[in-house]
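The basis for the numbers below is simple: all heavy atoms, side chains too, and nothing from hydrogens, waters or symmetry mates.
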Amino acid sequence: MQDDYARKLDDQKSLFKQLGIKLDALTIHEKDFDVKMRGYEKEEVDRFLDDIIMDYERFYDIITDLLDKYKEIQRRQAHWEEEKKMMAMVTRKPQVDMEDAIDRRLVDDGIRQLERSLEHFKQFVNGGLK
């Protein structure tokens with residue numbers, strides 16, 4: 001349990017350093033102040049610093065939770081982008097070079113003319129052989 005807490009404090013210190021935050025829970029906890037004749041009540045200062053430490057630990061938990069959520073959102077977005085690319089490739093209409101494209105109506109007309117010509121030829125052959 002103590003190892004987990006020490007690891008958490010080390011992680012907290014590292015993260016706060018990256019974020020430019022000077023203090024962490026351990027630094028606050030270990031801070032000693034000189035006692036002067038008319039100084040503050042030590043127990044009151046310790047209680048206040050304990051509250052600050054709890055807030056810092058709560059901030060750390062919130063920040064790490066938000067960072068985890070941010071990483072998850074990034075992972076999901078990357079996955080969705082990948083799926084979007086795949087769907088675009090699957091549903092993409094083939095590109096036709098208009099210069100080499102054949103007009104379907106011309107082909108259909110040509111087939112009909114060939115069928116008529118073939119029918120006339122058959123009639124001619126059948127009629128000519130009788």
Side-chain angles (χ1 to χ4, degrees):
M1 187 71 160
Q2 198 67 306
D3 290 337
D4 288 339
Y5 188 71
R7 184 182 47 77
K8 182 177 178 181
L9 288 175
D10 287 341
D11 291 345
Q12 184 184 88
K13 188 178 278 193
S14 174
L15 177 63
F16 282 5
K17 186 175 182 178
Q18 290 175 8
L19 297 174
I21 299 172
K22 293 180 181 181
L23 299 176
D24 59 81
L26 185 61
T27 304
I28 295 168
H29 180 72
E30 291 178 345
K31 177 66 177 165
D32 281 329
F33 297 94
D34 294 333
V35 179
K36 300 267 181 170
M37 196 162 139
R38 293 185 159 200
Y40 297 101
E41 183 183 337
K42 185 172 176 34
E43 290 79 24
E44 185 180 354
V45 172
D46 285 343
R47 283 191 303 272
F48 181 73
L49 291 177
D50 287 342
D51 289 341
I52 293 173
I53 289 169
M54 287 190 304
D55 284 348
Y56 263 74
E57 288 175 345
R58 193 172 307 121
F59 294 152
Y60 173 74
D61 291 340
I62 291 169
I63 290 169
T64 55
D65 183 52
L66 290 173
L67 286 173
D68 290 343
K69 288 177 182 177
Y70 176 72
K71 288 175 186 175
E72 177 63 20
I73 289 170
Q74 284 184 318
R75 187 192 64 75
R76 285 183 184 177
Q77 182 179 8
H79 177 72
W80 289 333
E81 290 295 326
E82 207 47 46
E83 280 187 3
K84 184 178 172 183
K85 286 179 189 176
M86 294 297 285
M87 289 301 293
M89 288 182 357
V90 169
T91 60
R92 185 182 325 161
K93 294 180 181 175
Q95 296 293 328
V96 177
D97 185 6
M98 294 312 285
E99 191 174 301
D100 296 332
I102 299 172
D103 188 355
R104 179 86 177 164
R105 288 173 291 170
L106 287 174
V107 172
D108 290 342
D109 288 344
I111 290 172
R112 278 193 290 278
Q113 284 179 351
L114 284 171
E115 288 172 343
R116 280 194 300 268
S117 296
L118 184 60
E119 193 59 41
H120 284 116
F121 181 70
K122 284 180 185 178
Q123 287 174 358
F124 173 75
V125 170
N126 288 336
L129 292 175
K130 288 184 180 179

If you group Ile, Leu, Val, Met, Phe, Trp and Tyr by side-chain heavy-atom gaps below 4.5 Å, do Leu23 and Phe16 land in one group?
yes
Next on the checklist: Do Ile28 and Met54 land in one hydrophobic cluster if side-chain heavy atoms of ILVMFWY residues count as linked below 4.5 Å?
Outcome noted: no
### Query
How about Lys69 and Asp65: do any of their side-chain heavy atoms sit closer than 4.5 Å?
yes
Give the cluster check for Tyr70 versus Tyr60: same hydrophobic cluster or not, with ILVMFWY residues linked at side-chain heavy-atom distances below 4.5 Å.
no
In this structure, CG of Leu67 is separated from CD1 of Ile63 (nearest 0.5 Å) by 7.5 Å
- prompt: Hey, mind stepping through Lys13 and Thr27 against side chain to side chain contact (heavy atoms under 4.5 Å, CB included) and telling me if it holds?
  reply: CA-CA 9 Å; Lys13 188 178 278 193; Thr27 304; 4.3 Å; yes
In this structure, CD of Glu115 is separated from CD1 of Ile111 (nearest 0.5 Å) by 7.0 Å
| field | Salt bridge flag under 4.0 Å for residues Asp11 and Lys8 | value | no
Distance col, row Glu83:CD vs Arg76:CZ, nearest 0.5 angstrom, shows 12.0 Å
Rounding to 0.5 Å, atoms OH (Tyr40) and CG (Asp46) come to a distance of 14.5 Å
For Asp103, the salt bridge (charged side-chain N to carboxylate O under 4.0 Å, His left out) test, sequence neighbours excluded, returns Arg105
In this structure, would Phe121 and Leu114 fall into the same cluster of hydrophobic residues linked by side-chain contacts under 4.5 Å? no
In this structure, CD of Gln12 is separated from OH of Tyr56 (nearest 0.5 Å) by 9.0 Å
Is there a donor-acceptor contact under 3.5 Å from the side chain of His79 to the main chain of Arg75?
no
**Report entry** SB check Arg47 Glu44 (cutoff 4.0 Å)
**Finding:** no
In this structure, CZ of Phe48 is separated from CG of Asp50 (nearest 0.5 Å) by 11.0 Å
Looking at Arg112 and Asp108, is there a salt bridge between them, counting it only when a charged N and a carboxylate O are closer than 4.0 Å?
no
Sub-3.5 Å donor-acceptor pair from the side chain of Ser117 to the main-chain atoms of Gln113, do we have one? yes
Sorted by chain and number, sequence neighbours left out, ring-ring contact (aromatic ring centres under 6.0 Å, His included) with Phe59 holds for none
